[in-house]
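Data first, discussion second: the structure below is written as structure tokens.
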Amino acid sequence: MRWSKALIPTLKEVPAEAEIVSHKLMLKAGLIRKVASGLYNFLPLGFKVYHKVEKIIREEMDKAGALEILMPIMTPAELWMETGRWNLYGKELVRVKDRANREYALGPTHEEVVTDLARTEIKSYRDMPKNFYQIRNKFRDEIRPRFGVMRCREFIMKDAYSFDRNEERAEESYKIMFEAYKRIFTRCGLDFRPVEADTGNIGGSFSHEFMVLANNGEEVIVNCPACGYAANREKAEGVSAFCGNDKEESKTPEKVSTPGQHTVEQVTAFLKKTPSELVKTLLYIADGKPVAALVKGDDELNEHKLKNFLKATELIMMTAEQVEAATKAPVGFAGPVNLAGMKIFADNAVMKMKNFVIGANEKDMHYINANFERDFKVNKFLDLRTAGEGDTCVKCGKVLTALRGIEVGHTFKLGLKYSKAMKAEFLDEDGKRKPMVMGCYGIGVTRIVGAAIEQGNDETGIIWPMALAPYQVIITALNYKDDKIKLLADSVYEEFKAAGLEVILDDRDESAGFKFKDAELVGIPLRVTVGNKAVNDGAFEINVRKTKEEFILKREELLSKIKGFVEKETAK
RNA sequence: CGGGGCAUAGCGCAGGUGGCUAGCGCGCCUGGUUCGGGACCAGGAGGUCCCCAGUUCAAAUCUGGGUGCCCCGACCA
């Protein structure tokens, strides 16, 4: 490609809308342009990178035995009703009507559609295992699209779905995908980590997320450097550093006045205690029923854990009015004593506490020296708190750390959730009809482009991993109007092209500095400068974007050295 | 969904106490000079001042309503 013929609209100033570095650089380097909130045009350079990611994914999926198909974006409501997700998915589902007023969802994921396909086409255990995948646009009406291509309303996802005759085979399929994912992200040149994750909206028995490690990541990963345990914060387990004071003598409970003290910090400071000596009572409505959750004052309740335990489809914190109705006291004084009409669940860390502070369900009043059993009953102790940095690892007992990550892939072992709901059955060897055991596996293809930049950049611009770079080499022809330089630059360009290198020739009538800056911004891994030094002395300056190394090559060694470098840098 | 902010040329911004032809930098076009780190000179093009209504002799500017975009929050006991 000749730069003069391309469309690479680099910017000196970034549009004010961009917040994080990858978004800024994608705009600045002319990779994307916004159409509306959460909707982007991919310009030629950005789309080239996208294609590189897509190619790697397709190669690895095919190698893993998955079968590429194409399913419609517009999917009939009836399918979604079969699994109940027409209602469950909520506002995130983009719904459209056709001229006959029939309803459709623009697919946010395709479990219903593939399961429908599988139930008609897979009839026997002999037809399995099967793994269908597609690479397509997905639609999710996000509450808040943000960070450019990271969280979009329309994005491109690779989604795969496996069908097996039993649990064991399904686990094999899962493992095959897990390994394929590791290869995919490795080949993309990303620093990533698979972590245990919550199953969320998709459902199923267990899942892993593939996180690209980055400071701007939306996800928090709880990680044990000692044993390798790693999980999404939504799911992670950890033991609170404070382990309780259950050896203490039980003291007499006492109602104390705490006028105007609402928050944990206020109450404990007022009573000259620490937050870890207080148990906070959080009130929720779970599928219409009130529940109370107790966690230590300095811990955070993990709503995912509570929701999963209750098997609730909806878990909403009570409004101030609901709290008043339930506790007969304003918000800030809720406690577990005499809390009528609801079940009380407490975090494991609370179990060992003694003589703690709780709300008294009375305006401006708290109890001190409260204890379990004597003062109130707990229906069940379980892991309810959000784990974090400084906790003790449940696997090995060492200290946990926290990392930030961008979720680029997610694998789920679905089990029978969809096959049962949609009657996707097959005839097994024993002549019995059985539901297929499913797995599903997603990769955010467009998101990988952003994640790669988030991981590879410096003050001058993007630093692409070789495997994702839109071009492997840029030939910067200084003063292309000069016939000698033009002739020489063209000959190098043609030679590289013929040798199969992905090369762009900067033949624009711009100053040297301008072209160097653009090459660095756009992040081409290798730059060959053709100027007077090349014409007069046969000295071609090579610049390595990533390391800022600089060296001089002779004309005849250019191709082989450059080619060697590209091959070495491309992860296999 | 709650809170906050912004909206003026392709991008970044100024103007705003109502007033005459709406500016600046970058980018863009023409010509010339330059040519190894975002060059210089001269000339030029480009605007429904987000939209609708109101106040007024007069609205980018004041008032009301709407829309779009961005940020924060949705962990409060």
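Order of the sequence lines sets the chain letters (A, B, ...), proteins ahead of strands, with each chain counted from 1.
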Rounded off to whole Å, could you give me the [atom1]-to-[atom2] distance for the [X] and [N] pair?
{"X": "A/K363", "N": "B/A77", "atom1": "NZ", "atom2": "P", "value": "16 Å"}
{"X": "A/K24", "N": "B/C71", "atom1": "NZ", "atom2": "C1'", "value": "13 Å"}
{"X": "A/L39", "N": "B/C70", "atom1": "CG", "atom2": "C1'", "value": "15 Å"}
{"X": "A/E300", "N": "B/C75", "atom1": "CD", "atom2": "C1'", "value": "6 Å"}
{"X": "A/R545", "N": "B/G37", "atom1": "CZ", "atom2": "C1'", "value": "14 Å"}
{"X": "A/N302", "N": "B/C75", "atom1": "CG", "atom2": "P", "value": "11 Å"}
{"X": "A/N479", "N": "B/C35", "atom1": "CG", "atom2": "C1'", "value": "5 Å"}
{"X": "A/K481", "N": "B/A39", "atom1": "NZ", "atom2": "P", "value": "15 Å"}

Determine the interatomic distance between [atom1] on [N] and the same-named atom on [M]; round to the nearest Å.
{"N": "B/G19", "M": "B/G15", "atom1": "P", "result": "14 Å"}
{"N": "B/C51", "M": "B/G4", "atom1": "P", "result": "25 Å"}
{"N": "B/C1", "M": "B/A59", "atom1": "P", "result": "36 Å"}
{"N": "B/U30", "M": "B/G46", "atom1": "P", "result": "15 Å"}
{"N": "B/U56", "M": "B/U63", "atom1": "P", "result": "16 Å"}

Can you confirm whether or not the ring centre of A/F496 sits under 6.0 Å from the ring centre of A/Y493?
no
For the ring pair A/F381 and A/F372, is the centre-to-centre distance below 6.0 Å?
yes
Look at all strands and tell whether [X] reaches a base, only sugar-phosphate, or nothing, counting heavy atoms closer than 4.0 Å.
{"X": "A/Y284", "answer": "base"}
{"X": "A/E520", "answer": "base"}
{"X": "A/T327", "answer": "nothing"}
{"X": "A/D518", "answer": "base"}
{"X": "A/G359", "answer": "nothing"}

Between [X] and [Y], is there a side-chain N and carboxylate O pair less than 4.0 Å apart?
{"X": "A/K91", "Y": "A/D141", "answer": "no"}
{"X": "A/K305", "Y": "A/D347", "answer": "no"}
{"X": "A/R151", "Y": "A/E218", "answer": "yes"}
{"X": "A/D458", "Y": "A/K546", "answer": "no"}

Go along nucleotides 1-14 of chain B 5' to 3' and tag each nucleotide: B for a protein heavy atom under 4.0 Å from its base, S when only backbone or sugar atoms are that close, - otherwise.
B---------BSS-
Residues that A/K515 engages under side chain to side chain donor-acceptor pair (under 3.5 Å), provided they are two or more places apart:
none
With sequence neighbours excluded, residues passing side-chain contact (heavy atoms from CB on, under 4.5 Å) with [X]:
{"X": "A/A370", "result": "A/F356, A/I358, A/D375"}
{"X": "A/V394", "result": "A/E237, A/V239"}
{"X": "A/F514", "result": "A/K12, A/R508, A/E510, A/S511, A/D518"}

Can you give me every donor-acceptor pair (side chain of residues 327-341 of chain A, partner residue at least two apart or in another chain, under 3.5 Å) with its distance?
{"residue": "A/T327", "atom": "OG1", "partner": "A/V323", "partner atom": "O", "Å": "2.9"}
{"residue": "A/T327", "atom": "OG1", "partner": "A/A329", "partner atom": "N", "Å": "3.2"}
{"residue": "A/T327", "atom": "OG1", "partner": "A/A329", "partner atom": "O", "Å": "3.1"}

Closest-nucleotide ordering on RNA chain B, the 5'-leading residue of A/D509 and A/F516
A/D509
Where each residue is assigned the nucleotide of RNA chain B containing its nearest heavy atom, which of A/P145 and A/A512 is assigned the position nearer the 5′ end?
A/A512
[X] and [Y]: side-chain donor and acceptor closer than 3.5 Å?
{"X": "A/E248", "Y": "A/N355", "result": "yes"}
{"X": "A/R140", "Y": "A/T109", "result": "no"}
{"X": "A/N223", "Y": "A/T401", "result": "yes"}

Among the candidates B/C71, B/C75, B/G38, find the nucleotide nearest to the side-chain atoms of A/E19.
B/C71
The side chain of A/T386 is closest to which nucleotide in this list: B/C75, B/G36, B/C71?
B/C75
Measure distances between side-chain N and O atoms of A/R508 and base N and O atoms of B/G38, and say whether any donor-acceptor pair falls under 3.5 Å.
no
Which residue pairs pass the side chain to side chain donor-acceptor pair (under 3.5 Å) test when at least one of the two sits in residues 40-49 of chain A, sequence neighbours left out?
A/H23-A/Y40
Secondary-structure stems for RNA chain B, with pairs counted as Watson-Crick or G-U when both distances are under 3.5 Å and runs at least 3 long:
B:1-7 with B:67-73, B:10-13 with B:23-26, B:28-33 with B:39-44, B:50-54 with B:62-66
Would you please name every residue forming a ring-ring contact (aromatic ring centres under 6.0 Å, His included) with A/F270, sequence neighbours left out?
none
Could you go through nucleotides 40-51 of chain B and list every protein N or O atom that sits under 3.5 Å from one of its N or O atoms, giving the distance for each pair?
none

CG of A/L400 to CG of A/L403, rounded to nearest 0.5 Å, is 10.5 Å
At under 4.0 Å, does any side-chain N or O of A/S37 touch on OP1 or OP2 of B/G68?
no
Does A/K12 put a side-chain nitrogen or oxygen below 4.0 Å from OP1 or OP2 of B/G27?
yes
Both conditions, 6.0 Å and 45 degrees, for the charged tip of A/R95 above the ring of A/W80: are they met here?
no
Sorted by number, the residues of residues 28-35 of chain A with heavy-atom contact under 4.0 Å to RNA chain B
A/K34
Do any N or O atoms of the protein come closer than 3.5 Å to N or O atoms of nucleotides 28-33 of chain B, and which pairs are they?
none

